[in-house]
Amino acid sequence: MSERPQIAIVLAGCGVFDGSEIHEAVLTMLAVDQQGAEYQCFAPNTWQARTIDHFTGHATAIAGDEDNRNVLAESARIARGQIKDLQEFKAKDYDAIIFPGGFGAALNLSDFAVKGADCEINHEVRRALEESYDEGIVIGAMCIAPTVIARVLGKHRVKLTIGNDTKVAAGLKKMGAEHENKAATEVCVDEEHKIVTTPCYMLAGSIKQVAEGTHNLVESVLDLI
């Protein structure tokens, strides 16, 4: 097995409005590779909550429609086909697990976009997070994805950031997590629980800022390994 740190990256589809934010996902892979680690992409094998036409912004399908899309199949677009079903993830094989943002985190990995702090989490996502926490590997999340972490691990009083959105921050607190306001490129590091989060497109005004924030997140993740 490679001596380079092994990082699992969990995707939620392909596209900011109904899946993983593509810039955040690709820049995570780039930052991992540039900083001397290796990654393996995963995604839950489930259907999207909805499919959005990213040109018009309108929904073209919702859960149950024949032309709705599969999260794993859509995520494979970003991963160039090199992806595994999340049910194959085993925390003992990895040093860290990272969740890029995008509305897919709040629609497909969870239903935070619909239910807020009372959201439910995809069962494989929940298992992966609980197993990662119990195994002691580092957990990273960006943009809106920290809401998923809060729902599963908030009971441990984990410290997170989604930037400075007061409504979302209130949701994190309701789920038991502590929130820290951070700028677009800054990271919140919870050393006790080995969790790193950053706002990215919750605040970023350019892909350059997302690249910097993602680099900082991956650097902090690797520092905690």
Could you work out, with side-chain contact (heavy atoms from CB on, under 4.5 Å) as the rule, every residue matching Ala12, not counting sequence neighbours?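 Partners of Ala12 under the side-chain contact (heavy atoms from CB on, under 4.5 Å) test: Ser20, Leu109.
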
State which residues pass side-chain contact (heavy atoms from CB on, under 4.5 Å) with Phe103; sequence neighbours excluded, sorted by chain then number.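 side-chain contact (heavy atoms from CB on, under 4.5 Å) check on Phe103 returns Phe17, Leu107.
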
Counting N and O atoms only, with roles assigned by atom type, does the side chain of [X] sit under 3.5 Å from a partner on the main chain of [Y], one being a donor and the other an acceptor?
| X | Y | result |
| --- | --- | --- |
| His179 | Ala177 | no |
| Arg151 | Glu120 | no |
| His58 | Ile52 | no |
| Thr197 | Thr161 | yes |
| Lys155 | Gly176 | no |
| Asp65 | Asp67 | no |
| Asp111 | Val114 | no |
| Asp53 | Thr60 | no |

My understanding is that only residues two or more places apart in sequence, or in another chain, count here; which of them pass salt bridge (Lys or Arg N to Asp or Glu O under 4.0 Å) with [X]?
| X | result |
| --- | --- |
| Glu180 | Lys159, Lys182 |
| Arg127 | Glu124, Glu131 |
| Arg50 | none |
| Asp33 | Arg4 |

Just how far is it from atom [atom1] of [X] to atom [atom2] of [Y], taken to the nearest 0.5 Å?
| X | Y | atom1 | atom2 | result |
| --- | --- | --- | --- | --- |
| Lys92 | Asp134 | NZ | CG | 15.0 Å |
| Ile98 | Glu24 | CD1 | CD | 12.0 Å |
| Ile139 | Ile195 | CD1 | CD1 | 5.0 Å |
| Glu192 | His156 | CD | NE2 | 10.5 Å |
| Gln48 | Ile62 | CD | CD1 | 13.0 Å |
| Leu27 | Leu217 | CG | CG | 12.0 Å |

Would you kindly confirm whether Leu224 and Val187 end up in one hydrophobic cluster when ILVMFWY residues are joined by side chain heavy atoms under 4.5 Å apart? yes

hydrophobic_cluster_shared for Met142 and Met29, side chain cutoff 4.5 Å: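 Yes, Met29 and Met142 fall within the same hydrophobic cluster.
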
Partners passing side-chain hydrogen bond (donor to acceptor under 3.5 Å, both in side chains) against Asn68 (at least two apart in sequence or in another chain): Thr51

Ring pair (Phe, Tyr, Trp, His ring centres under 6.0 Å) against His123, all qualifying residues, sequence neighbours excluded: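 With neighbours one apart ignored, the set is empty.
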
Those residues that, when tested against Phe112, pass ring pair (Phe, Tyr, Trp, His ring centres under 6.0 Å) (two or more places apart):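 Checked Phe112 against ring pair (Phe, Tyr, Trp, His ring centres under 6.0 Å); zero matches.
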
Using a 3.5 Å cut-off and no angle test, enumerate the donor-acceptor pairs between side-chain atoms of residues 79-90 and protein atoms at least two apart in sequence or in another chain.
| unit_1 | atom_1 | unit_2 | atom_2 | d |
| --- | --- | --- | --- | --- |
| Asp85 | OD1 | Gln87 | N | 3.0 |

So which heavy atom on Cys200 is nearest to which on Cys143, and how close?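 In this case the closest contact between Cys200 and Cys143 is CB-N, 4.3 Å.
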
Stepwise salt bridge (charged side-chain N to carboxylate O under 4.0 Å, His left out) check, Lys208 with Glu212: CA-CA 6 Å; Lys208 180 173 67 175; Glu212 183 179 349; over 6 Å; no

I'd like to check Met202 versus Asp165 (side-chain heavy atoms, cut-off strictly below 4.5 Å). Are they in contact? yes

May I have the step-by-step check of side-chain contact (heavy atoms from CB on, under 4.5 Å) for Gln40 and Phe42, ending in yes or no? CA-CA 7 Å; Gln40 172 63 56; Phe42 292 88; 3.6 Å; yes

Contacts table for residues 70-77: side-chain donor-acceptor under 3.5 angstrom, sequence neighbours left out:
| unit_1 | atom_1 | unit_2 | atom_2 | d |
| --- | --- | --- | --- | --- |
| Asn70 | OD1 | Leu72 | N | 2.9 |
| Asn70 | OD1 | Ala73 | N | 2.9 |
| Asn70 | ND2 | Asn45 | OD1 | 2.9 |
| Asn70 | ND2 | Thr46 | O | 3.4 |
| Glu74 | OE1 | Arg69 | NH1 | 3.3 |
| Glu74 | OE1 | Arg77 | NE | 3.4 |
| Glu74 | OE2 | Arg77 | NE | 3.2 |
| Ser75 | OG | Gly13 | N | 2.8 |
| Ser75 | OG | Val71 | O | 2.8 |

Quick test of your reading: applying ring pair (Phe, Tyr, Trp, His ring centres under 6.0 Å), list the pairs with at least one residue in residues 195-225, sequence neighbours left out, ordered by first then second residue. His23-Tyr201

Are Tyr39 and Tyr94 an aromatic pair, judged by ring center distance below 6.0 Å? no

Apply the side chain to side chain contact (heavy atoms under 4.5 Å, CB included) test between Phe99 and each candidate in Ile144, Thr28, Ile9, Val10; give the one that qualifies. Val10

Worked check of side-chain contact (heavy atoms from CB on, under 4.5 Å) between Ile225 and Asp223: CA-CA 6 Å; Ile225 292 174; Asp223 285 345; over 6 Å; no

